[in-house]
Peer 1: 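Just dropping this structure here.
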Number of protein chains: 2
Amino acid sequence: MPVACQDCPLRMLPCFDDLSEDELQFMTQFKSGELDVAAGTPILVEGSKSPQIFTVLRGMGLRYKTLEDGRRQVTNFVMPGDFIGLQAAIQSEIGYSVDASTDMTLCVFRRSDIWKLFRMHPSRAFDMTWLVCSEEHFLGEALTTVGQRSALERIAWAMVTVHDRASQLGLVHNGVMNFPFRQQDLADALGLSLVHTNKTLAKLRERDLLTWSDGMLSLRDRESLRQIAQLDDTMPPKRPLL
Amino acid sequence: MPVACQDCPLRMLPCFDDLSEDELQFMTQFKSGELDVAAGTPILVEGSKSPQIFTVLRGMGLRYKTLEDGRRQVTNFVMPGDFIGLQAAIQSEIGYSVDASTDMTLCVFRRSDIWKLFRMHPSRAFDMTWLVCSEEHFLGEALTTVGQRSALERIAWAMVTVHDRASQLGLVHNGVMNFPFRQQDLADALGLSLVHTNKTLAKLRERDLLTWSDGMLSLRDRESLRQIAQLDDTMPPKRPLL
DNA sequence: CGCCCGATTGAACTCACTCAAATACTGTGG
DNA sequence: CCACAGTATTTGAGTGAGTTCAATCGGGCG
């Protein structure tokens, strides 16, 4: 049974912009349905033209690109509130794949309605562009991390970034969050080998900076991790939700 | 003396979408001026809120991010037709810096007019979003390159990508293009050290795959370079010009 | 129990880094 | 016109961070 936008549990979170009554009504009719997928399901496939666009309501996933010989670059961890698939709607093809890492619920939009959104609801079009800019910004950060930071710095960066994101979404309880990924996923996100990722994680664990086992992640000392990562401590602004 | 959009030399290139009479007229009044800068001038500064947005008319530059300790990640080479600074207009701050590597001419827009564009000209707003998606796509490619490819593959990838882009813009003459960057810039773009970049370039030169000296780049064997880079050979689609 | 998958650990190797110095070029001032 | 400083490229040598190979361990499941 689909959730009405009116009752969207994400909408209530303080990290998201408020919606006007008008916008809310528009979104309700813009939303074409809901999709439930099991862990492991591919949601978007690189190079395809998906007729659908999604907002993540629940669960987590992986966004990645692959080379012909099988090497894989994870470009982001997908979390609730993320808007995925717009590339396919605006250009002809999509440049990345998304797989579900846990069971997920997705809010579905028709790509053919995008144009209507731009014409009829400029404020929502603006918000959509905001989200793409935001993703662009993140990829710039990730590129800088993989290009310039050492293995220890990369992992510290990833953990603080992921944790902060989850924290915004109210997914951290008593300092612990669900982190349903494999070490191989983290390695592929940071351009490191699995073995070295494992050994570097062990170092952070020995120093008692974090714990991660059985899919549960806890930052024991976020401040130290932040410093290792040379990450500045700015509160992210409120963001739009589509 | 500013160029009228009507007479914009870029507009005529086959790689750009056609504009309707209506759109053309709107752009002319949307354009608030022209800016000429000398090589070496900073155009945008990370973290600032520039009141201006630009389209590059002429010349090349560097887009990059820096860490506190001085490490630098070049995130793109800036070329004519590129639209820069939107992040600052849509969010409050900009996430990267841009410096001019040659003398450049920029088409200037007021950030305060962006909202008007979304409200009054949805087709241009759509095009703007297209461009951001495109940049997002590129950053995904770059991240994959830096995260997964070897030094030889990275350099081959960068050279083919840059050359193809210049080719689209009609900047390649007799197989030769202007490439006004230092080896340090390329190294910072690919997450490699200067020394290793130099030695890897030498290997490609020895194999007679490319030549690059005095700011002139020529791909002697694009096909081999493309294969080394594991880069697929798809024609880029026509793109919007703002 | 046996199998599969993911995490962990050890050992050897190598790609890419740092350090260092030489070369080449350009602009500046005497 | 030459000396000099500053910047970019090139090359050599030694080092090290991260890789690959390989084996083990542990939990979940048919």
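Chain letters run A, B, ... following the sequence lines, proteins first, then strands; residues in each count from 1.
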Peer 1: Nearest whole Å is fine: how far is C:dC25 C1' from B:D214 CG?
Peer 2: 10 Å

Peer 1: Examine the side chains of B:Q230 and A:E68 and answer whether a donor and an acceptor come within less than 3.5 Å of each other.
Peer 2: no

Peer 1: Looking just at side-chain N and O atoms, do A:E135 and A:N76 make a donor-acceptor pair shorter than 3.5 Å?
Peer 2: yes

Peer 1: Students often mix this up, so state it plainly: with edges at 30° and 60°, are the rings of B:F179 and B:F77 parallel, tilted or perpendicular?
Peer 2: perpendicular

Peer 1: For residues A:D164 and A:Q168, is any side-chain donor paired with an opposing acceptor at under 3.5 Å?
Peer 2: no

Peer 1: Can you name the one residue among A:Q73, A:K65, A:R71 that meets side chain to side chain donor-acceptor pair (under 3.5 Å) with B:Q148?
Peer 2: A:Q73

Peer 1: Hey, is B:E206 close enough to B:K203 for a salt bridge, meaning N to O under 4.0 Å?
Peer 2: no

Peer 1: Listed in order of residue number, which residues of residues 182-198 of chain B have a non-hydrogen atom at under 4.0 Å from DNA chain C?
Peer 2: B:G191, B:L192, B:S193, B:V195, B:H196

Peer 1: With a strict under 4.0 Å distance from non-hydrogen atoms of chain A, what nucleotide opens and what nucleotide closes the contacted stretch of DNA chain D, reading 5' to 3'?
Peer 2: D:dG18 to D:dC21

Peer 1: Could you tell me how far apart A:K199 (NZ) and C:dA7 (C1') are, to the nearest whole angstrom?
Peer 2: 12 Å

Peer 1: Describe the nucleic acid contact of A:S150 in one word from base, sugar-phosphate, nothing, applying a heavy-atom distance below 4.0 Å.
Peer 2: sugar-phosphate

Peer 1: Could you tell me the separation between the CZ atom of A:F181 and the C1' atom of C:dA7, rounded to a whole number of Å?
Peer 2: 18 Å

Peer 1: Rounded to the nearest Å, what distance is computed from the CD1 atom of residue A:I155 to the P atom of nucleotide C:dA7?
Peer 2: 12 Å

Peer 1: Nearest to the side chain of A:R205 - C:dT8, C:dA16, C:dA11?
Peer 2: C:dT8

Peer 1: Please find out if less than 6.0 Å separates the ring center of B:F109 from that of B:F54.
Peer 2: no

Peer 1: Taking the six-membered ring for Trp and the full ring for Phe, Tyr or His, determine whether the centres of A:Y64 and A:Y96 are under 6.0 Å apart.
Peer 2: no

